K.L.:
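Next up is a structure, given as structure tokens.
Letters go in sequence order (proteins before strands), and every chain restarts at 1. These numbers come from a predicted model, not from an experiment.
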Amino acid sequence: MLKFLKQVGDYTKETVQAAKYIGQGLSVTFDHMRRRPVTVLYPYEKLIPSERFRGRIHFEFDKCIACEVCVRVCPINLPVVDWDFDKTSKKKKLKHYSIDFGVCIFCGNCVEYCPTNCLSMTEEYELATYDRHELNYDTVALGRLPYKVTNDPMVTPLRELGYLPQGIIEPHDLPSAPSGLPRQ
Amino acid sequence: MSKSRHLLSGTDKMNSGINLQGSFIDFFQGLGLPYGTVKLLWLPLPMLLLLLGATVGVLVVVWLERKISAAAQQRIGPEYAGPLGVLQPVADGLKLLVKEDIIPANSDPVLFTLGPMIVVIPVFLSYLIVPFGQNLVLTNIGTGVFLWIALSSVAPIGLLMSGYSSNNKYSLLGGLRAAAQSLSYEVPLALAVLAVVMMSNSLSTIDIIEQQSGYGIFGWNIWRQPVGFLIFWIAALAECERLPFDLPEAEEELVAGYQTEYAGMKFALFYLGSYVNLVLSALLVAVLYLGGWDFPIPIDPILQLLGIDSNVPWVQLITASLGITMTLLKAYFLVFLAILIRWTVPRVRIDQLLDLGWKFLLPIALVNLLLTAGLKLAFPVAFGG
Amino acid sequence: MNLAQGVQVVSLGLLSLMVLGAALGVVLANNIVYSAFLLGGVFISISGLYILLNAGFVATAQILIYVGAVNVLILFAIMLVNKREDFAPISSAWIRKGVTGLVCIGLFALLSTMVLTTPWLIASIPASGEQATLLIGEHLFSDFLLPFELASVLLLIALIGAIILARRELIVNEPASGVDAGLMLPERPREGVAVGSDP
């Protein structure tokens with residue numbers, strides 16, 4: 001009899017504990033409801049990419065010496081470098097350069113190793129197209145200046161968490177800074 | 001308890017509260033129409049009104065579900081369809097309405113079409129017994145809550161039907177799970193209701209609310225039946241297949257259970273049925289445990305104190321609208337709770353589900369019933385003699 | 001005939017037609033699942049007849065018990081059995097068919113004589129209507145107490161039987177003798193679990 005009562009007591013205790021935990025969980029969920037949404041309303045608001053963001057690669061035709069270091073350091077030998085040997089100046093002359101961003105993994109090795117700094121990372125990440133062959137950027141496309149979030153009048157730029165002042169976690173509440181926010 | 005109360009039928013009841021039917025019939029008879037014709041004119045009106053109300057209620061619940069879920073996850077939720085996205089459920093419904101109706105090639109077309117109907121019709125029929133005020137109920141039938149329990153036990157047949165006819169193993173598994181779940185949680189649900197019925201000596205929803213009224217918030221059944229309230233709410237969540245118990249449609253394991261093969265309006269019927277059922281369960285919790293249309297503070301003494309006759313038309317109008325508001329507020333509070341539970345508690349396994357139903361809720365519901373009977377004999381004043 | 005009476009007559013006809021049609025469907029349908037679903041239709045139509053007889057409580061109980069429990073269980077049983085198999089031809093099947101026919105005709109004759117001999121007078125006592133629940137309860141606990149309790153004992157026996165059938169213990173350390181263990185289900189043979197031989 002006593003053993004049975006003890007069993008019942010233990011069972012009740014476990015039930016109460018389970019109910020307590022569910023109650024704690026409910027209070028956590030309830031607490032989440034009064035926090036502000038972290039949503040970035042994407043086409044209208046955009047986060048400013050961080051300093052070392054690895055976006056679409058920019059290429060400067062005139063600086064390139066056609067050394068092909070970028071091809072060698074690339075994990076999949078992606079960049080296509082088309083050059084001729086100019087016998088008069090005894091230098092390689094670049095004819096064409098292209099990178100297929102449908103295949104590129106944006107590791108940044110080519111940018112790192114380029115001896116003349118003719119490759120650089122931009123903050124552009126909106127590369128969607130209707131045809132994957134459009135992602136094969138040629139010299140002209142690679143040479144285009146990057147699109148900047150802060151210069152677009154249609155877009156509200158938002159700072160990422162790491163670039164906010166101390167103690168603030170909400171970019172919406174900041175006083176509206178002029179475009180071209182200072183980045184520290 | 002006087003037996004005379006049961007003998008009164010809805011129409012000739014001499015009580016406070018507005019009598020819409022009476023005024024309607026009087027008005028048209030005044031225009032020279034015979035009684036039978038006026039009665040025929042009146043009959044479909046409350047039914048259509050309630051159907052419309054239930055559907056609009058579902059739209060509100062779908063919007064609430066999206067917004068509250070978003071808030072619990074620090075998102076925004078629907079934003080652009082109408083102010084604050086209130087038209088999002090309408091857009092959803094329209095999309096499903098014009099979507100192609102696909103019947104899988106090797107399925108059983110007759111059963112495939114019948115299934116969703118059998119799921120939805122009993123749920124809407126159950127709205128017969130939901131009272132929004134003294135006379136604001138479709139029918140005050142003597143078997144009130146019992147009818148609801150019986151009707152909600154028809155739904156698993158539709159689920160089994162759609163699961164079987166889809167010719168898909170996930171659908172069949174989902175249908176079987178739904179039926180098993182609904183059968184096992186019907187028992188504690190009925191026992192919890194029985195305890196309440198025992199206190200009010202009647203199955204009629206109107207009598208159950210009247211038994212709770214008079215003392216404001218302190219008269220509500222939740223104080224006398226706290227365990228019964230919890231059992232009822234858990235079992236009702238299981239009956240509605242809400243999240244801790246949504247095994248029949250468990251996306252991660254069964255794709256969508258019995259809904260897997262459905263598209264267009266038939267899927268919309270399932271969707272509608274599940275949300276109507278949720279609102280219905282919330283309304284019935286409000287009726288059985290939270291005093292239905294009662295205001296937390298008793299109104300009649302206040303009216304007497306101010307020296308206002310409670311039979312004056314404008315007072316009746318105010319109390320009636322207050323009653324509807326209170327019922328809906330309580331129901332939507334419970335819906336809010338259900339959504340909060342959805343994002344807090346993870347889904348149980350099928351064996352845990354059946355364990356909870358048969359080994360936990362059933363014994364506790366039985367003990368609760370016995371205890372209520374004992375208390376009723378010991379303190380007939382507080383527990384309905 | 002006023003509106004209410006007309007509605008009653010029409011629904012009586014419709015419900016009777018539904019009962020007959022669905023019942024014939026139960027017997028004649030080739031697919032056993034159709035039979036089971038049509039059985040649900042029969043039960044629901046009968047509950048409609050009860051409503052016409054002013055017996056709301058009995059109608060609701062009919063739906064709850066026969067449609068909600070019995071019919072769902074039948075469907076469950078059908079859907080959980082193995083895939084359909086063709087009937088094996090039985091030798092001298094005519095004996096079985098003949099016996100079945102005799103039994104059915106006998107039952108039909110019994111029922112018809114019952115229908116013909118019963119004086120179908122309408123009772124002078126008014127229908128109890130809303131009071132039915134109370135009256136049924138009083139009857140169940142006074143003059144019908146014994147059948148009621150017997151039925152509950154019967155249900156209890158069925159419950160225990162179902163538990164014994166369903167409950168198979170897992171084998172702990174007992175490899176099957178003779179048979180390749182890989183081909184056996186990891187379950188104890190059913191005879192091993194008698195009532196009271198709790199391990």
Side-chain angles (χ1 to χ4, degrees), chain A residues 1-48 149 152 154-164 167-174 176, chain B residues 64-81 84-85 188 226-227 229-231 233-234 237-238 242-245 332-349 352-353 355-368 370-371:
Chain A
M1 186 65 197
L2 220 71
K3 199 181 153 202
F4 175 72
L5 280 182
K6 191 178 173 300
Q7 268 180 334
V8 171
D10 288 351
Y11 195 73
T12 322
K13 222 179 282 173
E14 276 172 28
T15 310
V16 170
Q17 206 173 33
K20 204 179 79 185
Y21 288 152
I22 290 177
Q24 280 178 353
L26 277 176
S27 63
V28 170
T29 321
F30 190 74
D31 184 66
H32 272 72
M33 293 192 44
R34 53 178 195 89
R35 303 189 188 171
R36 253 198 92 151
V38 292
T39 315
V40 176
L41 295 168
Y42 167 63
Y44 311 107
E45 297 174 350
K46 284 174 187 173
L47 287 178
I48 302 161
V149 176
D152 192 336
M154 299 289 288
V155 171
T156 318
L158 293 179
R159 279 193 254 176
E160 277 179 289
L161 190 63
Y163 297 89
L164 288 174
I168 296 177
I169 55 165
E170 174 51 57
H172 292 277
D173 292 335
L174 285 178
S176 58
Chain B
L64 273 182
E65 168 115 45
R66 291 183 153 212
K67 273 300 198 191
I68 295 173
S69 302
Q73 297 167 349
Q74 296 180 49
R75 294 184 287 114
I76 295 177
E79 175 86 340
Y80 291 103
L84 288 174
V227 182
F229 170 72
L230 285 178
I231 294 169
W233 186 230
I234 293 173
L237 282 182
R242 290 290 300 178
L243 197 85
F245 310 106
Y332 278 104
F333 170 71
L334 287 158
V335 169
F336 169 73
L337 214 63
I339 298 169
L340 217 59
I341 289 171
R342 174 179 179 167
W343 297 114
T344 305
V345 190
R347 180 185 308 133
V348 293
R349 273 197 325 257
Q352 292 170 334
L353 174 95
D355 267 7
L356 182 71
W358 290 108
K359 294 187 185 168
F360 181 73
L361 290 184
L362 181 62
I364 291 201
L366 278 172
V367 168
N368 183 47
L370 268 178
L371 216 69

K.L.:
When rounded to the nearest 0.5 angstrom, what distance separates CD in E79(B) from OG1 in T39(A)?
P.N.:
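Between atom CD of E79(B) and atom OG1 of T39(A) there are 9.0 Å.
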K.L.:
Which heavy atom of H32(A) sits nearest a heavy atom of A72(B), and at what distance?
P.N.:
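So the minimum-distance heavy-atom pair works out to CB-O, 3.4 Å.
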K.L.:
Calculate, to the nearest 0.5 Å, the distance between atoms OG1 and CD belonging to T344(B) and Q24(A) respectively.
P.N.:
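Taking OG1 in T344(B) and CD in Q24(A), the distance rounds to 12.0 Å.
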K.L.:
Would you name the heavy atoms of R36(A) and Q74(B) that are closest together and state the gap between them?
P.N.:
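In this case the closest contact between R36(A) and Q74(B) is O-OE1, 3.8 Å.
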K.L.:
What part of Y11(A) gets closer than 4.5 Å to chain B, counting heavy atoms only: side chain, backbone, both or neither?
P.N.:
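It is the side chain, since no backbone atom gets that close.
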K.L.:
Could you please spell out the steps behind the side chain to side chain contact (heavy atoms under 4.5 Å, CB included) verdict for I364(B) and T15(A)?
P.N.:
CA-CA 12 Å; I364(B) 291 201; T15(A) 310; 5.6 Å; no
K.L.:
Any idea which heavy atoms bring L340(B) and M33(A) closest together, and the distance?
P.N.:
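Closest approach of L340(B) to M33(A), heavy atoms only: CD1-SD, 3.6 Å.
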K.L.:
Look at the rings of Y80(B) and Y44(A) and say which category their plane angle falls in: under 30° parallel, 30 to 60° tilted, over 60° perpendicular.
P.N.:
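Taking Y44(A) first and then Y80(B), their aromatic rings sit tilted (interplane angle of 30° to 60°).
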K.L.:
For L230(B), is it the side chain, the backbone, both or neither that has a heavy atom under 4.5 Å from a heavy atom of chain A?
P.N.:
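Nothing of L230(B), per the 4.5 Å heavy-atom cut-off to chain A.
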K.L.:
For atom OH of Y332(B), is the number of surrounding heavy atoms from other residues, nucleotides or ligands below 6.0 Å larger than 12?
P.N.:
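Atom OH in Y332(B) is packed in, count exceeds 12.
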